[in-house]
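A quick note: this is a predicted structure, and the numbers were derived from the prediction, not measured. Naming convention: chains lettered A, B, ... in sequence-line order (proteins, then strands); numbering from 1 in each chain.
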Amino acid sequence: MKEQLRQAILTALRECYADGRLTSGFVPEEVQLEVPKNAQHGDFATNLAMLLAKPERRAPRAIAETLSRALQDHQLCDKIEIAGPGFINFRLRSACWYEVLDRIMQQGGQYGRCDIGAGTRIQVEFVSANPTGPLHIGHGRGAVVGDAVAAVLAAAGFDVQREYYVNDAGNQVQTLGLSILLRLRELQGRAIDFPADGYQADYIRDLARQYRDENGDPVDLTEAEAIDSCARFGVTKILKWIEADLQAFGIRFDNWYSEKSLYDRSMVEQELAELAEKGLSYRRDQALWLKTTEFGDDKDRVLIKSDGSHTYFASDVAYHMEKFERGFDRVIDVWGADHHGYIPRMKAMLAGLGHPPEALEVLLIQMVNLLRDGKPFTMGKRSGNFITLREVIDEVGSDACRFYFLMRRCDSQLDFDLELAKQQNSDNPVYYVQYAHARVCSINRNAEKDGYAVPEAGAAELDRLVLEEELALAKQLARFPETVAGAALHYEPHRVIFYLQDLAAQFHSYYNRHRVLVDDKKNDRSASVSGECRSYRAGQRVDPVGYVGSGTDVKKPPGLRIPSATRIVVHSRGKPVSAKGRE
RNA sequence: GGCCCCGUAGCUCAGCUGGAUAGAGCAACCGCCUCCUAAGCGGUAGGUCUUGGGUUCGAAUCCCGACGGGGCCGCCA
């Protein structure tokens with residue numbers, strides 16, 4: 001709808017230039033159309049005349065006058081007004097909104113999709129938690145945001161892949177292997193000396209027990225082989241947990257990408273060779289450094305440590321280059337905010353290897369403060385004292401949990417109170433939206449029960465929707481596609497959440513004020529628009545003060561005198577719809 | 001010391017990449033179930049958009065500087 005109007009304005013603008021009513025020839029990149037906050041300003045407003053003021057060297061209101069005359073007879077518009085410093089306000093015909101409703105009925109679940117992303121391949125990499133322990137609540141936020149960003153991108157027509165990068169090659173995995181091995185020996189009754197940086201949590205003991213049950217004791221193996229065997233076992237098991245937890249959260253990845261496979265395929269070596277060839281790396285203090293400072297980083301970064309082992313950065317370089325080799329036009333990484341210092345070196349690396357830094361978008365997810373009844377929890381994977389994501393999902397529920405994580409922009413910190421999220425009452429915004437849906441379902445259910453046929457798309461008598469609230473609902477529904485598109489282009493899925501809350505609020509309000517299931521013959525809805533004011537004094541009905549407005553817009557007529565201590569109640573269809581208090 | 005995020009109603013936060021009288025939920029107060037789900041609705045009250053400059057027709061929004069809160073800054077991951 002918005003697009004149609006935008007095109008109409010552009011056409012009018014060109015016509016004005018063609019016949020000399022306007023002279024500058026200035027055409028803005030995009031005609032800005034916004035929905036005014038105040039409904040009296042119409043359905044859409046544009047600031048075009050104000051933008052033209054300078055190139056045309058005329059007053060904005062005069063330009064607005066010219067433009068609005070050019071648009072006057074357009075079939076979309078019911079009314080065009082010039083207001084304020086030079087806004088042009090448009091009120092669209094009701095038929096426009098019926099068209100939207102028709103489209104929704106025809107498109108069903110496809111409604112809201114668009115093709116602005118068509119032809120662009122995007123990869124969203126998220127979670128990517130180390131496979132050394134269960135996911136915790138902080139991972140949960142990143143998981144939901146990543147999944148939701150991928151979802152809105154897909155809805156906007158982008159070709160999206162969800163990927164989980166498995167860090168199965170670093171020190172932490174060795175530590176995991178050692179921790180399991182030591183617990184295994186403990187099971188055998190041997191004395192162990194558990195290192196401070198080992199994984200202390202109970203699940204390590206569980207893994208040790210499982211290892212023994214499935215593989216027996218690794219007696220024939222050397223120490224290093226045993227650690228390796230335990231590590232592989234642990235990683236496999238833990239990844240299964242993670243996958244199951246994410247599935248309980250409604251998240252599925254298209255691809256699980258192993259860091260180790262980069263080494264197995266010599267990808268890291270190839271990358272290092274390419275960097276050396278381009279003169280981007282050098283040796284110092286027995287370590288290999290990447291010249292990231294040449295591309296905006298504040299210091300050079302180590303690729304190979306002096307002990308000969310690779311840093312994570314080394315494999316990240318290879319990994320990200322490989323993403324582009326796989327043909328993605330854009331790559332989104334969802335990281336915890338504590339990794340923000342990592343961004344400059346990644347962008348520098350991309351620039352050094354000939355990719356535009358904008359091709360990598362990093363979404364930083366701020367911390368989650370986990371609370372219970374307002375009291376904070378502290379978390380630390382190694383201390384063994386943490387709440388897993390699974391526990392939270394089991395306690396709060398997947399939908400409520402996802403909703404909570406999406407309620408805030410991802411770059412602001414989030415307080416997550418378990419008790420609050422669990423409450424199934426009005427304190428909890430999740431149920432507000434669900435309740436609106438429940439009421440719609442209930443109407444449909446009752447309609448069917450009463451023998452009403454649900455109309456097919458295109459066959460509904462939409463012109464029976466004449467109430468202000470009904471048109472307002474249609475207008476809100478019309479905004480869904482642009483909401484989704486905006487959420488996709490800005491990587492801000494929380495916009496959809498706010499949209500849904502607004503939509504639900506409008507529906508609840510409408511639902512409360514007007515019945516949907518009525519007998520059309522007995523109850524002429526178009527006649528019910530008018531309101532009536534009744535006045536009461538000391539509890540007694542006194543003379544009606546008269547008709548003073550329509551729909552929700554009921555005003556005291558000018559000049560009308562209302563005696564003191566009079567109670568004004570607005571009625572619609574004989575039912576009280578609002579109480580004005582005492583005058 | 002350098003860097004990132006935040007600062008909007010008593011609390012938690014929106015504010016659509018500069019627009020008209022700054023919004024919502026919770027908490028408070030007053031009302032609404034003979035009627036499609038009261039998990040709801042209507043109303044009242046609540047604001048120096050932290051602060052000081054700048055940019056322009058116009059700033060909560062953009063720029064610079066303070067102040068306050070949180071976080072990061074290793075040949076850790």
Q) How would you label the contact of A:His41 with the nucleic acid (heavy atoms, under 4.0 Å): base, sugar-phosphate, or nothing? A) base
Q: For B:U55 and B:G42, measure between their C1' atoms and round to the nearest Å.
A: 44 Å
Q.
A:Asn171: which residues meet the side chain to side chain contact (heavy atoms under 4.5 Å, CB included) condition with it, sequence neighbours left out?
A. A:Lys305
Q | side-chain N/O A:His508 vs B:C41 OP1/OP2, d < 4.0 Å | A | no
Q. Can you name the residues that form a ring-ring contact (aromatic ring centres under 6.0 Å, His included) with A:His41, not counting sequence neighbours?
A. none
Please write out each protein N/O paired with an N/O of nucleotides 68-70 of chain B under 3.5 Å, distance rounded to 0.1 Å.
from: B:G70; atom 1: O2'; to: A:Gln413; atom 2: OE1; distance (Å): 3.4
from: B:G70; atom 1: O2'; to: A:Gln413; atom 2: NE2; distance (Å): 2.7

(Q) Applying a 4.0 Å non-hydrogen cut-off, can you work out what A:Phe498 is touching in the nucleic acid: base, sugar-phosphate, or nothing? (A) sugar-phosphate
Show me the protein contacts with nucleotides 74-77 of chain B, counting only N or O atoms at under 3.5 Å.
from: B:C75; atom 1: O2; to: A:Ser306; atom 2: N; distance (Å): 2.7
from: B:C75; atom 1: O2; to: A:Ser306; atom 2: OG; distance (Å): 2.9
from: B:C75; atom 1: N3; to: A:Ser306; atom 2: OG; distance (Å): 3.4
from: B:C75; atom 1: N4; to: A:Asp285; atom 2: O; distance (Å): 3.2
from: B:C76; atom 1: OP2; to: A:Lys305; atom 2: NZ; distance (Å): 3.2
from: B:A77; atom 1: OP1; to: A:Asn171; atom 2: ND2; distance (Å): 3.3
from: B:A77; atom 1: OP1; to: A:Lys305; atom 2: NZ; distance (Å): 3.1
from: B:A77; atom 1: O4'; to: A:Gln172; atom 2: NE2; distance (Å): 3.4
from: B:A77; atom 1: O3'; to: A:Tyr312; atom 2: OH; distance (Å): 2.1
from: B:A77; atom 1: O2'; to: A:Asn130; atom 2: ND2; distance (Å): 2.7
from: B:A77; atom 1: O2'; to: A:Gln172; atom 2: NE2; distance (Å): 2.1
from: B:A77; atom 1: N1; to: A:His339; atom 2: NE2; distance (Å): 3.2

Q | Electrostatic pair A:Glu3-A:Arg6, nearest N-O below 4.0 angstrom | A | yes
Q | Short side-chain N/O contact to B:C13 OP1/OP2 from A:Arg408, under 4.0 Å | A | yes
Q) When you measure from the side chain of A:Glu34, which nucleotide among B:A14, B:A39, B:G19 comes out closest? A) B:G19
Q.
Classify A:Glu482 by what it touches in the nucleic acid, base, sugar-phosphate, or nothing, heavy-atom distance under 4.0 Å.
A. nothing
Q: Would you please confirm or rule out a distance under 4.0 Å between OP1 or OP2 of B:G15 and any side-chain N or O of A:His494?
A: yes
Q. Syn or anti for B:C13, with syn set at within 90° of 0?
A. anti
(Q) With side chain to side chain contact (heavy atoms under 4.5 Å, CB included) as the criterion, how do A:Ile332 and A:Phe126 come out once you've worked through the C-alpha distance, each side chain's angles and the decisive distance to 0.1 Å? (A) CA-CA 8 Å; A:Ile332 297 175; A:Phe126 58 111; over 6 Å; no
**Q.** Under 4.0 Å protein heavy-atom contact, by nucleotide of nucleotides 57-62 of chain B - B base, S sugar-phosphate only
**A.** S-----
Q | Phosphate-side-chain proximity, A:Ser412 and B:A14, N/O vs OP1/OP2 below 4.0 Å | A | yes
Q) If you check the A:Arg479 side chain, which of B:C6, B:C16, B:C36 turns out closest? A) B:C16
Q: Report which part of the nucleic acid A:Ala447 touches: base, sugar-phosphate, or nothing (heavy-atom distance under 4.0 Å, all strands).
A: nothing
Q) Checking side-chain hydrogen bond (donor to acceptor under 3.5 Å, both in side chains) against A:Asp43, which of A:Arg91, A:Lys79, A:Lys475 comes through? A) A:Lys475
Q. Just how far, in rounded Å, is P of B:C16 from CD1 of A:Ile497?
A. 18 Å
Q) In terms of side-chain heavy atoms, does A:Glu259 have a donor or acceptor partner in A:Tyr319 at a distance below 3.5 Å? A) no
(Q) Once you apply a heavy-atom cut-off of 4.0 Å, does A:Ala438 come out as touching a base, just sugar-phosphate, or nothing? (A) base
(Q) Can you list everything that forms a side chain to side chain contact (heavy atoms under 4.5 Å, CB included) with A:Ser306? Sequence neighbours excluded, please. (A) A:Gln286
Q: Look at the side chain of A:Asp298 and the base of B:G2, then say whether one donor and one acceptor between them are separated by less than 3.5 Å.
A: no
Q) Quick one: A:Asp411 CG to B:C3 P, roughly how many Å, whole number? A) 19 Å
Q) Which word best sums up how the rings of A:Phe498 and A:His494 line up, parallel for under 30°, tilted for 30 to 60°, or perpendicular for over 60°? A) perpendicular
**Q.** Pairing residues for A:Asp399 by the salt bridge (Lys or Arg N to Asp or Glu O under 4.0 Å) criterion, not counting sequence neighbours
**A.** none
Q.
Suppose we screen for ring-ring contact (aromatic ring centres under 6.0 Å, His included). Which residues come up paired with A:Phe295, at least two apart in sequence or across chains?
A. none
Q) Using Watson-Crick and G-U wobble pairs with both distances under 3.5 Å, what is the 5'-to-3' dot-bracket string of RNA chain B, with [ ] for crossing pairs and | for pairs outside the strand? A) (((((((..((((.....[...)))).(((((.......))))).....(((((..]....))))))))))))....
Q) Does A:Tyr435 place a side-chain N or O at less than 4.0 Å from the phosphate oxygens OP1/OP2 of B:A39? A) yes
Q: For A:Ser179 and A:Gln200, indicate whether the former's side chain and the latter's backbone hold a donor-acceptor pair under 3.5 Å.
A: no
Q. Think A:Arg439 has a side-chain N or O under 4.0 angstrom from the OP1 or OP2 of B:A38?
A. yes
Q) Under the salt bridge (Lys or Arg N to Asp or Glu O under 4.0 Å) test, which residues partner A:Arg61, sequence neighbours left out? A) none
Q. Using a cut-off of less than 4.0 Å, is there contact between a side-chain N or O of A:Thr483 and OP1 or OP2 of B:C16?
A. no
Q: Could you state the atom-to-atom distance from CG of A:Asp417 to C1' of B:C11 in whole Å?
A: 13 Å
Q. Whole Å only: how far is the NE2 atom of A:His340 from the P atom of B:C3?
A. 11 Å
Q | Short side-chain N/O contact from A:Tyr432 to OP1 or OP2 of B:C41, under 4.0 Å | A | yes
Q. Listed by chain and number, what are the side chain to side chain contact (heavy atoms under 4.5 Å, CB included) partners of A:Pro85, not counting sequence neighbours?
A. A:Met50, A:Phe87
Q.
Restricting to ring-ring contact (aromatic ring centres under 6.0 Å, His included), what partner residues turn up for A:Phe416, sequence neighbours left out?
A. A:Tyr404, A:Phe405
Q) Under 30°, 30 to 60°, or over 60°: which ring-plane class applies to A:Tyr342 and A:Phe313, parallel, tilted or perpendicular? A) perpendicular
Q: Would you mind telling me which residue lines up with the more 5' stretch of RNA chain B, A:Ile443 or A:Pro36, judged by nearest nucleotide?
A: A:Pro36
Q: Mind checking A:Ala53 for me? I need base, sugar-phosphate or nothing, with any heavy atom below 4.0 Å counting as a touch.
A: nothing
Q) Quick one: does A:His340's side chain have a donor or acceptor within less than 3.5 Å of a partner on A:Ala337's backbone? A) no
